[in-house]
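Worksheet: one structure, shown below.
Every chain is numbered from 1 and lettered A, B, ... according to where its sequence line falls, protein lines coming before strand lines.
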Amino acid sequence: MPTITLPDGSKKSFDKPVSGKDVALSIGPGLAKAALGVKINGELKDLSTVIDHDVSLSIVTERDRQKVLDKDGLFLIRHSAAHVMAEAIQDVIGKEVQLAYGPPTDTGFFYDMFVPEGKKISSDQFDAINKRMAEIIKENREFTRYEIGGGDGLQKLKDEGNKYKVDNAERAMGLPSSVYKGAKSAFADDGSKKADANAKLSFYANGTPGKNWEDLCRGPHVPSTGRIGAAIVTSLASSYWHGDENSDRLIRVYGTAFPTQAELDEYLKQKEEASKRDHRVIGKHLRLFHIDEDVGQGLILWTPRGSIVRKELQNFISAELKKQGYTEVFTPHIGRLELYKTSGHFPYYKDSQFAPIVERQALEELSKAGCSCAEMMNRVEGVSARLAAGINERTKAQTIAPDRIMADDKLVEGFMLKPMNCPHHAKIFGSSPHSYRDMPVRLAEFGTVYRWEQSGELNGLTRVRGFTQDDAHLFCTEEQIPGEIQGCLSLVKTIFNVLGMKDYRVRVGLRDPDSSKYTGSAESWDKAEAACIAAAQSLGVSFSKEPGEAAFYGPKIDFVVKDVIGREWQLGTVQVDYQMGNRFDLSYIGPDNKAHRPVVIHRAPFGSMERFCGVLIEHFAGAFPTWLSPEQVRVLPISDKTLDYGREVERSLRERGIRATLDESNERVQAKIKVAADEKIPYMLIVGPRDAENKAVSVRVRGVEKDLGAMPLTKFVDDIVSEIESKSAVLGVKP
RNA sequence: GCCACCGUAGCUCAGUGGUAGAGCACUCCCUUGGUAAGGGAGAGGUCAUGGGUUCAAGUCCCAUUGGUGGCUCCA
């Protein structure tokens, strides 16, 4: 006889097994009506689940008491909507479409499916699919669960001929897949599952089994299709079965669902808002940057306007760094391959670097010597003499004639575009002796680095192949680590605050205790990790510890910032490095008059100027605060008759360092206002004969429908100068 | 890198095998107008690039290149 413990601690006893629905009813009819499912001992289940023993239970509804959408409720709705979408697609496209895998996601759900030759899913069919989904939801059919055990379930799926479902079932039963031979698995093999060829498989019908559409599914689902509320298909993408590119190509159909149409509409509106903020669109519209295919993918050309934003931001960060005792350095964009062999970047990370730059003469000599491409590759990379000699590692067969084997010292020398600034900075540190009294040495550089990102990953300013890091390396003693990490975090705090990015969090990447891939002593690690955690705590924002996320050379802190519409962006990191001192044989003289290894902290808290500017463009939707605006003031004469006064105003502003321009176009002031508003200029100064007479300006502030009235030009100038100096994030002129 | 879709004027986009289009921007003319687009005229194109099919290609096919959305990756 089950006794059920509810979330508030109260208990209810029943004299016979009860369903979740019964429990909800026993609490209240309203709750029973709102119930979508239950959570039994923390596990999400169907509302119809029968309970015959003592459990703790909570009823899952669409919303919590504060009317906020409930995470579990949404999960049930979206998981169920995936089934409805799958049925709709099979109705619209055809039963030949084979379903593979359809889970809910953070923003909706998707269903991966195999579309056979001759059939096609395209966005043209979205209307038809949405219509069919709406019908199924309206029919309010019950989600009916049934189970088949003893291997019959698996046989049923085999008979139906959908290998993806057979694979899912075999995995659910803990059996090795008889159909999937790939190396990688998208499904977690938790290892705890015992293989059981007779295990029960569960199926869900969108209605009556045997009569309506059904699918192998672990569940759980909402009680009936009507409880989904509103669901649509949103987009198409492709994916691979088990994420394995050697495996079948599947079509991933994305959709989303909400309890009500109003919430779905709101979601769509938000998405539209987000796409309006797209930095690539705004960047083009406001002429901030340009990417040119002749220059190359992922390489940013900063136009004059965008350069101002970037430069202002850089000046701001730079000024804060000086306050913290950083010293600025400049280093070249390339370095010898030897350097990167020392640092370990080459050839270990060669897949994400631009190919080496080899002298023309050296190439010619190799070419004349009849060196094959493969040999050149080996020599450039300085691989072992054995490999250079062309011995196939597996077969031990000689692939290059012995007389063409070159000794290691003849390997080709070359240069590389720097993928990181640290090797250069390490060399600067190493170029002069250091006493513990000089430590820490903080070398900062807005250093441009180049990485070979995969072409499919490139995206506007946020994922590029050449970018400028707000980089610095802090060479310090072990004792100095906590203080230096604190300093990095306080810098981040200052800058985020000024930009109005109050909502951010940090992730502390710790080592995985089981692994031996890390360098440095356990004792050092403990200290450094403690320092990272303490620093994160003192920051006063939410942080998470992520074991196993550390770099092999030390723990790290990542910054994730939320913009005004709630999207998260990963920016920069702070990483403790015990390895670099060894690689570059760096040292300082301690109080004991002996040489010690410095620890290095890599820090690029904003990641790159490119990405950070991209995030800021979206954060501000192009409407930058005055201090960052490419154009701070536009002067709009009413007509040509006040052009001269307009010029005078423009000059007065420029003399005080304000970025001002004059609209000399032969247009009515209405048109000039429209254009300036489109370009998100913070201030418009409308000047006509009345203003000219009084040496005044009529001020119009971005985002405000009416002007603030006329004020003396000198007052406006003083006000805006102080606004710019204080970097105030809020626009407005004091009355 | 892989898959799907896409590339037409500076920008946003129409154009389903038969003479290359619109709006905005640009140039010139008229207009001198006090708060979110006054009026007119003009100029602007190797329809991403290269092949192919066809009497005929912006349109169909192939390759290349770039973009978008995903997948995979991100020291």
Side-chain angles (χ1 to χ4, degrees), chain A residues 105 110 112 115 120-124 184 186 234-254 275 278 280-281 284-287 290-298 340 343-346 348-353 419-420 422 449 451-460 462-465 550-554 556 558 570 573 575 577 579-580 602 604 607 611 636-643 665-679 684-692 698-710:
Chain A
T105 64
F110 65 79
D112 281 350
V115 180
K120 206 182 150 193
I121 299 182
S122 82
S123 48
D124 298 343
K184 285 183 275 182
T234 53
S235 63
L236 292 175
S238 91
S239 65
Y240 297 103
W241 191 25
H242 289 255
D244 172 3
E245 68 179 71
N246 298 314
S247 179
D248 297 5
R249 286 196 298 271
L250 304 173
I251 303 289
R252 176 166 295 181
V253 188
Y254 283 89
S275 75
D278 190 320
R280 295 165 303 190
V281 176
K284 193 175 265 181
H285 182 223
L286 299 183
R287 309 191 307 283
H290 173 65
I291 299 171
D292 192 285
E293 69 177 82
D294 286 340
V295 175
Q297 292 181 284
Y340 300 105
S343 70
H345 290 114
F346 190 85
Y348 187 60
Y349 293 117
K350 67 175 178 182
D351 289 345
S352 48
Q353 293 167 173
M420 281 191 154
C422 36
V449 298
R451 299 183 190 178
W452 187 259
E453 299 287 351
Q454 296 187 72
S455 62
E457 274 311 322
L458 299 171
N459 179 284
T462 58
R463 206 62 192 273
V464 293
R465 283 184 174 162
F552 71 91
Y553 49 73
K556 65 173 181 176
D558 288 337
Q570 151 92 55
T573 59
Q575 302 188 352
D577 185 347
Q579 183 63 242
M580 197 159 99
H602 307 249
R611 174 176 287 190
L636 314 181
I638 297 289
S639 76
D640 288 0
K641 289 177 182 162
T642 18
L643 252 184
S665 68
N666 182 14
E667 279 294 347
R668 292 170 55 190
V669 73
Q670 286 89 329
K672 294 179 182 179
I673 289 170
K674 170 80 163 77
V675 170
D678 265 4
E679 295 181 15
M684 296 176 219
L685 299 184
I686 291 148
V687 293
R690 288 205 297 270
D691 304 290
S698 297
V699 182
R700 198 175 158 123
V701 182
R702 181 180 61 205
V704 177
E705 285 297 320
K706 282 182 64 185
D707 74 9
L708 300 179

_Heavy-atom closest contact (P637(A) atom, K672(A) atom, distance)_ = O-NZ, 2.9 Å
*If each of P637(A) and Y349(A) is mapped to the nucleotide of RNA chain B with the nearest heavy atom, which maps nearer the 5' terminus, i.e. the 5' end?*
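So the residue in question is P637(A).
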*Taking for each residue the nucleotide of RNA chain B with the nearest heavy atom, is it R463(A) or I291(A) whose nucleotide lies nearer the 5' end?*
I291(A)
*Does Y340(A) have any ring-ring contact (aromatic ring centres under 6.0 Å, His included) partners at least two apart in sequence or in another chain, and if so, which?*
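By the ring-ring contact (aromatic ring centres under 6.0 Å, His included) rule, Y340(A) matches no residue at all.
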Test for a donor-acceptor pair under 3.5 Å between the base of [N] and the side chain of [X], counting only N and O atoms.
| X | N | result |
| --- | --- | --- |
| S455(A) | G66(B) | no |
| D691(A) | G34(B) | yes |
| R252(A) | A4(B) | no |

*Round to the nearest Å and state the distance from K674(A) atom NZ to G38(B) atom P.*
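These atoms are roughly 10 Å apart.
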Please produce a list of atom pairs where a protein N or O lies less than 3.5 Å from an N or O of nucleotides 44-48 of chain B.
none

*Under a 4.5 Å cut-off applied to non-hydrogen side-chain atoms, are E453(A) and Q297(A) in contact?*
no
Let's see if you can work this out: which of [options] has an atom nearest to the side-chain heavy atoms of [X]?
| X | options | result |
| --- | --- | --- |
| I638(A) | U31(B), G33(B), A37(B) | G33(B) |
| N459(A) | G69(B), A36(B), G33(B) | G69(B) |
| Q670(A) | A75(B), A36(B), G34(B) | A36(B) |
| A677(A) | A36(B), C30(B), A37(B) | A36(B) |
| I686(A) | G34(B), A75(B), U32(B) | G34(B) |
| A237(A) | G69(B), A36(B), G66(B) | G69(B) |
| R700(A) | U31(B), U35(B), G34(B) | U35(B) |
| Q454(A) | G70(B), U32(B), C73(B) | C73(B) |
| R280(A) | G69(B), U35(B), C74(B) | G69(B) |

*asked:* Using the side-chain hydrogen bond (donor to acceptor under 3.5 Å, both in side chains) criterion, which residues pair with K674(A)? Sequence neighbours excluded.
replied: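 Partners of K674(A) by the side-chain hydrogen bond (donor to acceptor under 3.5 Å, both in side chains) criterion, ordered by chain and then number, come out as D678(A).
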*side-chain hydrogen bond (donor to acceptor under 3.5 Å, both in side chains) partners of E679(A), counting only residues at least two apart*: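 side-chain hydrogen bond (donor to acceptor under 3.5 Å, both in side chains) list for E679(A), sorted by chain: R634(A).
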*asked:* Rounding to an integer number of angstrom, what distance separates A57(B) and U49(B) when you compare their C1' atoms?
replied: 16 Å
*Classify every nucleotide of nucleotides 22-28 of chain B by which part a protein heavy atom approaches to under 4.0 Å, writing B for the base, S for the sugar-phosphate alone and - for neither, in 5'-to-3' order.*
-------
Might you list the N or O atoms of the protein lying below 3.5 Å from N or O atoms in nucleotides 11-13 of chain B, with each pair's distance?
none

